[in-house]
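Take a look at the structure below.
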Amino acid sequence: MPNLSKSFPQVNGLDLQSLPKNLEFKEVEGRLQKKWSDAGTYQYRENDSRPVFAVDTPPPTVSGSLHVGHIFSYTQTDILARYQRMKGKNVFYPMGWDDNGLPTERRVQNFFHIRCDASVPYEAGLDLPPILSTMTEKELEAKKIPQRSLSRRNFIEHCHKLTVEDEKLFKKLWSDIGLSVDWNLEYATIDENSRRIAQLSFLDLFQKKEMVQVEAPTLWDTDFQTAVAQAELEDREIPGAFHDVEFKVEGGGSFVIATTRPELLPACVGIATHPTDERYRALIGKTAISPLFGARIPIFASELVNPEKGTGILMVCTFGDQTDVQWWREQKLALRQIIGRDGRLQPVTFGSEGFPSVDPVSANENYEKIKGKTVKQAQKLVVELLQASGALKAPPKPIQHAVKFYEKGDRPVEIMTTRQWFVKLVDKKDKIIEFGSKVQWHPEFMYSRFKNWTENLSIDWCVSRQRFFGVSIPVWYPLDERGMVDHSRPLVPSKEQLPVDPMTDVPAGYREEQRGKAGGFIGEADVFDTWFTSSLTPQLGSQWELNPSRHKKIFPMDMRPQSHEIIRTWAFYTIAKAMLHEEKIPWKHIMISGWVLDPDRKKMSKSKGNVVTPAQFIDEFGADSVRYWAGLARYGVDTAFDPGVMKIGRRLAMKLFNAGKFVLSNSAVEGTVTEPLDLAFLSKLKVQAEAAARSFEEFEPAQALMEMEKFFWSNFTDTYLELVKSRTWGDKTGVEALQKKASAVHASRFGLRVFLRAFAPFLPYTTEEVWGFDFGGEGSVHLTSFPSAGDFEGIPEGKTVSFDAAMAALSAINHQKTLSKVSIARPVTRLVLKAAPISQEALLPVLSDVLGATKVEHLDWELDSGAALNEFSVIAVEYGPDQKA
RNA sequence: GCGAGCAUAGCUCAGCGGUAGAGCACUACCUUCACACGGUAGGGGUCACAGGUUCAAAUCCUGUUGCUCGCACCA
């Protein structure tokens, strides 16, 4: 059916001299970035009937520096986004900046050498230079220059000032690496839209009574002086010691407890032992007297006590750990808060109502010595006092133990009673797990981390932070006639008012003059946990509550890329929020990227000093090469950083560039692909293209890249292009020669188009550059479609076995030339080839191409039915004269 | 303590029931007219270990060891 065959128009080959000699990636990258930006190549089209593919891009924490890990995971996301765009999707691919929160505050403090103090008045127009531009950190330290105190508003202004600068650097890098982000969709988690939607989220949860304000024991970081959430804790192994402390029992007797926190002795409110422990059974129900402070303390039994641990009997303090909180609630024990918000022991008076003592005088004498000290100092002093009093029964036994820290903090977290806002999650753990299971996890096993974490969740999500640079909690509290705050009746704004800052805005029904006055109101000073906003990234993009039609199109999003260490925070909270708000999942797929490890397979971290910055590698190898390295890694698998892989990427880009030039330099008359080798090649290419698309659909682009690269290299450049050279070389005359040449030229050009489109998601610069040499009239390669079987319609199927035969025969003859130590270009006057008859049959249709490429003038066969299919061996060879001679 | 992942050539990694793979590195050869940031070929592995299932196991199952990671406990 030759009439149905796809016909290709006449081609005028490009003049190789007019094309660049080498791929100058720096120049190409700059030029193409501008081209894409000017043309709006990657724009999301709001009013468009194409199906949407929405990416929930992670807003990076703007902390001043990026490392190769960022490039790695963001590029992997970009590769998928580019694929989807080429599949005809209207890609929604935003970029956000997570610019509020503690890391930013800390960085701003150091950068400008400032601190926030709410009592300082606002100074209009204050614009401080970065301290480090005038002084080194060492000088600062040596001169002991104190941080300058700034009003809250001035402080926030400086936060904005620095983050804007940082964002520029990030944006430059994202552009350089070729992210196909739509920069019209840029947002920041502190911008007005984000604040509005975060506060809408608050209102929704508040109305649903899932957002509650509670005064309760809370995890507290004494350095940052803020409440923190369970998800932000981490264990650290630190040295400690068991101290054996003797307690007297009222009515006679004594027992010894082992504690690692003797400094909490003044906060001891109970003694617990296991109900079946014979050693202490007689004590249950009696009252103990604490050493040094003489407090009367109830002794009770609890299954939670491990008789094997310590001495099998322990003291309950307010609060040493989470179990203390549980015992305190169950046993309705007294509350004796001795550690203040700053981590120092606050003043208390023994003999007063809260702190009873059988000997208040010596209790206060003892407490006086530790009052105002840090926890660490107090511990040392208490041990000395215990020793002096004889209550310390043995020298401290040093141990290494895991202690909970706020992940960004330097001292262990304390548990103390404060008033905070919580999102109720513990009561719906099962449902959250169920919603999490509806999301497709890549790789699948990462779901178990989510499940594991959710199952073990024990504290509701504390979302209030006693910080400054964040989204305000949109609440005011009325003040009664005496000026006392009434927390039980929070005043919330209406949706239309949002976003509000309760410190400057006024609740409905009040006037600004009533702020802080009896009968008036006060604003909530706290801000939200940054995760409270970040957990809404899909809704920030879809304009939830603000733009219902857009929300409907974009939400749930298609995919969320992120790293595994924030499954328990970002992924977890986002799933929980979508469930609480709309009973939906936030996205269909979640892609968990691996970590980039240093060459010694250690995690890169600032403290280890093994962080590698990406810019130098983009400079050295080109963006496409760095992308190649990222694209080759599978999801969820940690990868050792290896610039060697980038070198390979560069090799591929170069090869694509050169092969492209070569293919495009050939001319051809109008015609169809007719030659058996050409048809066989295209048939193989079709199979490969389909496999690549399949890998993408399975979220395994690395597989697609690997296979396509291998095929491109071995089948296309090393085999096919070599084999057709004899047909395309020089000026051909005669209808048949021209037609055979046209077949090869059309097939190789067609093949090149397939390769360029298949590599486009990975190597956007190189593919676009080569595309532009001759196909540029059709616009950007990135707006074409990803190769599919449909492209091959009208091209007859070829015999792939013939292609394989040609490849094998070529290899066998080349092998012989290598053994003979002659040039591959050396003519062969006679060759005897041994092969099975089936192999001969396979080779015959493409024989002329093989003989042409190997310069064999005369071939004789030696048939051997014992040989395997396409097993060719050279039996005899006679070389012609060396042409260079 | 519970859970997850990984273990394949010197290195980085594919393969995940049917004769051990790629690239790098290494060796030899080829100044070949798209590409020396090339090309052609070559050497190199009892697929961590021990059992089991199977006609057949790097691949499936069980156990062991080692390395990562997550969670819990942390008096």
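A, B, ... follow the sequence lines: proteins, then strands. Residue 1 opens every chain.
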Distance check needed: [N] [atom2] versus [X] [atom1], whole Å only.
X	N	atom1	atom2	answer
A:Lys451	B:rA72	NZ	C1'	16 Å
A:Leu304	B:rA72	CG	P	16 Å
A:Ile648	B:rA25	CD1	P	7 Å
A:Trp729	B:rU32	CH2	C1'	8 Å
A:Leu656	B:rA34	CG	P	17 Å
A:Arg650	B:rG23	CZ	P	18 Å
A:Tyr447	B:rG70	OH	C1'	15 Å
A:Glu707	B:rA14	CD	C1'	10 Å

If you measure from the [atom1] atom in [N] to the same atom in [M], how many Å do you get, rounded?
N	M	atom1	value
B:rG63	B:rC2	P	12 Å
B:rC71	B:rA14	P	25 Å
B:rA9	B:rU46	C1'	13 Å
B:rG15	B:rA22	P	15 Å
B:rG10	B:rG44	P	12 Å
B:rC60	B:rG18	P	11 Å
B:rG17	B:rC13	P	23 Å
B:rG39	B:rU32	P	14 Å

Non-neighbouring partners of A:Phe696 that pass ring-ring contact (aromatic ring centres under 6.0 Å, His included), sequence neighbours left out: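 Expected list: A:Tyr83, A:Phe762, A:Phe786.
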Just jot down the ring-ring contact (aromatic ring centres under 6.0 Å, His included) partners of A:His746, sequence neighbours excluded, or say none.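 Expected list: A:Phe8.
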Those residues at least two apart in sequence (or on a different chain) that pass side chain to side chain contact (heavy atoms under 4.5 Å, CB included) with A:Lys397 are A:Phe242, A:Asp244
Can you sort out the partners of A:Asp774 under side chain to side chain contact (heavy atoms under 4.5 Å, CB included), two or more places apart, ordered by chain and number? A:Leu14, A:Leu664, A:Arg749
Side chain of [X], heavy atoms from C-beta onward: which of [options] has the nearest atom to it?
X	options	result
A:Phe445	B:rA4, B:rC33, B:rC71	B:rA4
A:Lys309	B:rC30, B:rA28, B:rC73	B:rC73
A:Phe662	B:rA34, B:rA28, B:rG21	B:rA34
A:Glu722	B:rC35, B:rA28, B:rU32	B:rC35

Which sits closer to the 5' end of RNA chain B, A:Lys821 or A:Leu457, going by the nucleotide each is nearest to?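 It is A:Lys821, whose closest nucleotide lies nearer the 5' terminus.
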5′-ward residue of the pair A:Gly636/A:Asn658 relative to RNA chain B: A:Gly636
Does a side-chain N-to-carboxylate-O contact under 4.0 Å join A:Arg694 and A:Glu698? no
Does one side chain, of A:Glu707 or A:Gln703, offer a donor that lies under 3.5 Å from an acceptor on the other?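 A donor-acceptor contact under 3.5 Å links the two side chains.
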For the side chain of [X] and the backbone of [Y], is there at least one donor-acceptor N/O pair under 3.5 Å apart?
X	Y	answer
A:Glu722	A:Ala853	no
A:Asn452	A:Ser448	no
A:Ser811	A:Met807	no
A:Arg627	A:Leu763	no
A:Asp624	A:Thr766	yes

B:rG3 base / A:Asn452 side chain donor-acceptor hit below 3.5 Å: no
Output a table of nitrogen or oxygen pairs between the protein and nucleotides 10-13 of chain B separated by less than 3.5 Å.
residue, atom, partner, partner atom, Å
B:rC13, OP1, A:Ala640, N, 3.1
B:rC13, OP2, A:Arg601, NH1, 2.8

Using a cut-off of 4.0 Å on non-hydrogen atoms, how would the nucleic acid contact of [X] be classed: base, sugar-phosphate, or nothing?
X	answer
A:Thr323	sugar-phosphate
A:Thr259	sugar-phosphate
A:Leu19	nothing
A:Asp321	sugar-phosphate
A:Val663	nothing

Nucleotides 38-43 of chain B: protein proximity per nucleotide (B base, S sugar-phosphate only, - neither; heavy atom, under 4.0 Å): SSBSS-
Selection residues 232-242 of chain A - residue pairs positive for side-chain hydrogen bond (donor to acceptor under 3.5 Å, both in side chains), sequence neighbours left out: A:Glu232-A:Arg465, A:Glu234-A:Arg236, A:Asp235-A:Lys404
Which residue pairs pass the side-chain hydrogen bond (donor to acceptor under 3.5 Å, both in side chains) test with at least one member in residues 316-327 of chain A, sequence neighbours excluded?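 Qualifying pairs, neighbours excluded: A:Ser302-A:Trp327, A:Asp321-A:Thr323, A:Gln326-A:Glu330.
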Interface with RNA chain B, restricted to residues 228-242 of chain A and to heavy atoms under 4.0 Å: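 Nucleic-acid contacts, sorted: A:Gln230, A:Asp235, A:Phe242.
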Base-pairing string, 5' to 3', of RNA chain B - Watson-Crick or wobble, under 3.5 Å, | interstrand: ((((((((.[[[[.)..(..]]]].(((((.......))))).....[[[[[..)....]]]]])))))))....
Return the orientation label for the A:Phe755 and A:Phe712 ring planes: parallel under 30°, perpendicular over 60°, tilted otherwise.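 Geometry flag for A:Phe712 against A:Phe755: perpendicular rings.
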Could you list the donor-acceptor pairs under 3.5 angstrom formed between side-chain atoms of residues 258-269 of chain A and any protein atom two or more places apart in sequence or on another chain?
residue, atom, partner, partner atom, Å
A:Thr259, OG1, A:Arg261, N, 2.9
A:Arg261, NE, A:Glu263, OE2, 3.0
A:Arg261, NH1, A:Glu414, OE1, 3.3
A:Arg261, NH2, A:Glu263, OE2, 3.2
A:Arg261, NH2, A:Glu414, OE1, 3.3
A:Arg261, NH2, A:Glu414, OE2, 3.0
A:Glu263, OE1, A:Gln379, NE2, 2.9

Qualifying salt bridge (Lys or Arg N to Asp or Glu O under 4.0 Å) pairs, either residue in residues 631-654 of chain A, two or more places apart: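 Qualifying pairs, neighbours excluded: none.
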